[in-house]
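Let me begin by presenting the structure, written as structure tokens, before commenting on it.
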Amino acid sequence: MKYELVAGFETHIELATNTKIFCSCTTEFGGEPNTHCCPVCIGLPGTLPKLNKKVVEYAIKAGLATNCEIAEISKMDRKNYCYPDLPKAYQISQYDMPLCQNGYVELSSGKKIRLNRIHIEEDAGKLIHRKGDTLVDYNRGGVPLIEIVSEPDIRSVDEAKEYVEKLQLIMRYIGISDCKMQEGSMRCDVNISVRPVGSEVYGTRTEIKNMNSITFIAKAMEYEFERQVDLIESGGKVIQETLRYDDVTNTTSSMRGKEDAHDYRYFREPDLVTINVPKEQVEKIKKSLPEFPTQKLKRYVEEYDIPNTDAQLLTKYRKIAEYFEEAIDGIKTPKTASNFIIGQIFRKLENEAEKEEFNIKVSAKSLNELIKLLDSGKIKMNLAKSTLDKMLETGKNVYELISESDMGGIDDNTLLELCNQAIQQNPNAVNDFKNGKVKAVKAMVGFVMKNSRGKADAVLAEQKLIELMQ
Amino acid sequence: MVTHEEVQKLAILAKLFVADEELDKLTKDMEEIISFADTINNASVEETNFDNINGLSNVFREDVVIPSFSREDILKNAPDNDEGCFLVKKRG
């Protein structure tokens with residue numbers, strides 16, 4: 001029998017606010033243990049939480065960016081469980097009146113992964129387990145989170161990967177989180193079940209907790225899918241349980257302990273008042289949102305005639321997209337800018353983190369000037385390319401590197417002269433060419449380019465050289 | 001009706017130890033608490049807006065950092081600490 005995968009995601013994202021959700025301690029990552037704490041975030045009796053305005057604003061942005069309805073009235077609730085990472089023995093979260101509901105994330109296939117809700121809550125502290133005891137650091141305790149809960153609409157590992165990447169992209173674009181999975185500012189719980197293809201009923205699901213890498217998510221899902229199918233095929237039954245994924249052995253194992261008692265006894269947080277979001281505020285936030293990556297992608301392909309794969313690279317990080325848009329201001333050939341960025345500028349950036357930072361020596365304005373010279377025919381593509389490389393090395397602008405006299409290319413007589421020189425001074429290459437080594441002409445084109453200081457047209461030079469040698 | 005088992009379950013959730021001889025009394029107490037809640041449930045509330053019972057909404061704080069407490073102060077009430085952290089013993 002053939003089985004299909006059914007998966008839903010619960011994604012926790014730390015919001016990039018300056019302060020924690022209910023107190024004014026910093027949310028900065030790292031720091032010596034328990035140095036970002038106060039009586040509120042370590043849950044001392046008698047303290048009162050006060051909600052950070054930015055948290056509500058950021059969560060609304062997240063909701064709008066994922067097509068959610070924003071609740072006019074929502075409230076905070078206590079989720080009770082006893083575990084040392086939670087100093088109050090309850091987490092302040094949202095239960096039956098979340099801030100955002102009924103959204104979706106659209107995949108490149110056009111399929112919509114529906115979102116049940118997005119709510120705000122506080123993060124827990126960090127536990128360091130040792131032999132016999134546990135150390136607790138509450139720096140992370142009280143850092144604001146949004147939890148994005150999807151419907152079980154995901155049907156393959158590829159869809160899961162795209163869903164997580166899309167969320168990451170959207171949240172970074174709207175600037176509410178850096179979504180660094182390695183640092184834990186984005187974490188996923190995955191609910192997985194299997195069912196025979198064509199079946200309408202869901203199978204029993206398991207939940208894999210706290211995954212902090214897309215690669216691990218994919219591996220864990222593949223493993224868990226196989227495990228459940230094997231179990232059913234051999235006459236067994238999937239038990240509803242919480243699992244932990246071990247990336248060393250690439251297996252999942254049952255988690256015991258805090259998840260044993262799935263009885264959170266939610267009730268309204270009496271120390272916090274209702275959150276009331278007027279429609280006007282939602283409209284105002286909506287207007288402040290940037291153009292989303294999917295819209296940009298569509299526009300780049302349709303308006304600028306940029307290939308889809310290139311447009312995807314340009315829109316992956318907001319800084320690159322903004323750079324590109326500034327660089328093509330008033331330019332006839334946006335595709336040239338795209339080629340320069342993807343071909344030459346990306347070579348300077350070693351990894352994804354560097355692409356995201358996009359710290360390069362050439363400003364968008366400088367690139368714009370270079371392309372304008374190219375567009376107007378004042379310089380040729382070869383010269384433009386080599387100049388861009390120099391600009392990337394030195395940080396100088398195009399006018400510091402190319403003088404007026406270098407612009408405008410060279411006339412036919414000069415080209416002829418340079419080609420004749422190339423033939424006279426490279427007898428070996430001429431011989432090679434005459435003996436059938438067609439590639440030998442490239443060395444001579446290089447000679448012409450060098451002696452014309454990049455002004456010659458390489459294609460014309462090659463034609464002329466072949467003509468002269470034949 | 002509240003059962004002994006329900007009281008024991010609540011005790012486990014709250015990480016409390018309840019001896020068998022205490023169960024009768026606690027079960028009776030719990031029943032009284034719940035019947036009090038039932039009295040409230042029976043009250044007519046159709047006219048009341050429970051979403052905003054204290055008439056307050058949107059009490060917010062600006063997102064401005066205030067220096068945290070010193071670690072010494074933070075750990076002052078901890079039963080035990082080590083390496084700048086709260087120290088918790090493993091439970092059975």
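Proteins come first, then strands; the chains are lettered A, B, ... in the order of their sequence lines, and each starts at number 1.
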Salt-bridge criterion met for A:Glu283 and A:Lys286 (N-O under 4.0 Å):
yes
Chain B contact via A:Tyr138 - which portion, at a heavy-atom distance below 4.5 Å:
side chain
Salt bridge check: are A:Glu72 and A:Lys279 linked by an N-O gap of less than 4.0 Å?
yes
Chain B heavy atoms under 4.5 Å from A:Pro33: which part of the residue, side chain, backbone, both or neither?
both
Any idea which of A:Leu44, A:Ile128, A:Ile42, A:Leu127 has the most non-hydrogen atom pairs under 4.5 angstrom with chain B?
A:Ile42
Please look at A:Cys41 and chain B and tell me whether the side chain, the backbone, both or neither of the residue comes under 4.5 angstrom of a heavy atom of that chain.
neither
Relative to chain B, which segment of A:Val55 carries a heavy atom at a distance below 4.5 Å: side chain, backbone, both, or neither?
neither
Any donor-acceptor N or O pair under 3.5 Å, side chains A:Asn52, B:Asp63:
yes
Side chain, backbone, both or neither: which part of B:Val64 has a heavy atom under 4.5 Å from chain A?
backbone
Report the option among A:Thr35, A:Asp137, A:Val56 that has the most heavy-atom pairs separated by less than 4.5 Å from atoms of chain B.
A:Thr35
Heavy-atom contact with chain B under 4.5 Å, split by part of A:Leu135
both
Any cation-pi pair here, A:Lys88 with A:Tyr90, using under 6.0 Å and within 45°?
yes
Please flag which part of A:Arg130 lies under 4.5 Å from any non-hydrogen atom of chain B: side chain, backbone, both or neither.
both
At a heavy-atom separation under 4.5 Å, does B:Ile12 approach chain A through its side chain, its backbone, both, or neither?
neither
Verdict with supporting geometry, A:Asp96 and A:Lys75, salt bridge (Lys or Arg N to Asp or Glu O under 4.0 Å)
CA-CA 8 Å; A:Asp96 55 348; A:Lys75 66 172 170 80; 2.9 Å; yes
Top residue by heavy-atom pair count (under 4.5 Å) with chain B, among A:Pro87, A:Gly132, A:Gly125?
A:Gly132
Any luck finding a side-chain donor-acceptor pair between A:Asp77 and A:Ser93 under 3.5 Å?
no
Tell me, side chain or backbone of A:Lys126 under 4.5 Å from chain B's heavy atoms, or both, or neither?
neither
Any chance you could lay out the salt bridge (Lys or Arg N to Asp or Glu O under 4.0 Å) test for A:Glu14 and A:Lys180, step after step, and finish with the verdict?
CA-CA 9 Å; A:Glu14 274 183 8; A:Lys180 284 185 182 157; over 6 Å; no
Any donor-acceptor pair under 3.5 Å linking the side chain of A:Asn139 with the backbone of A:Asn34?
yes
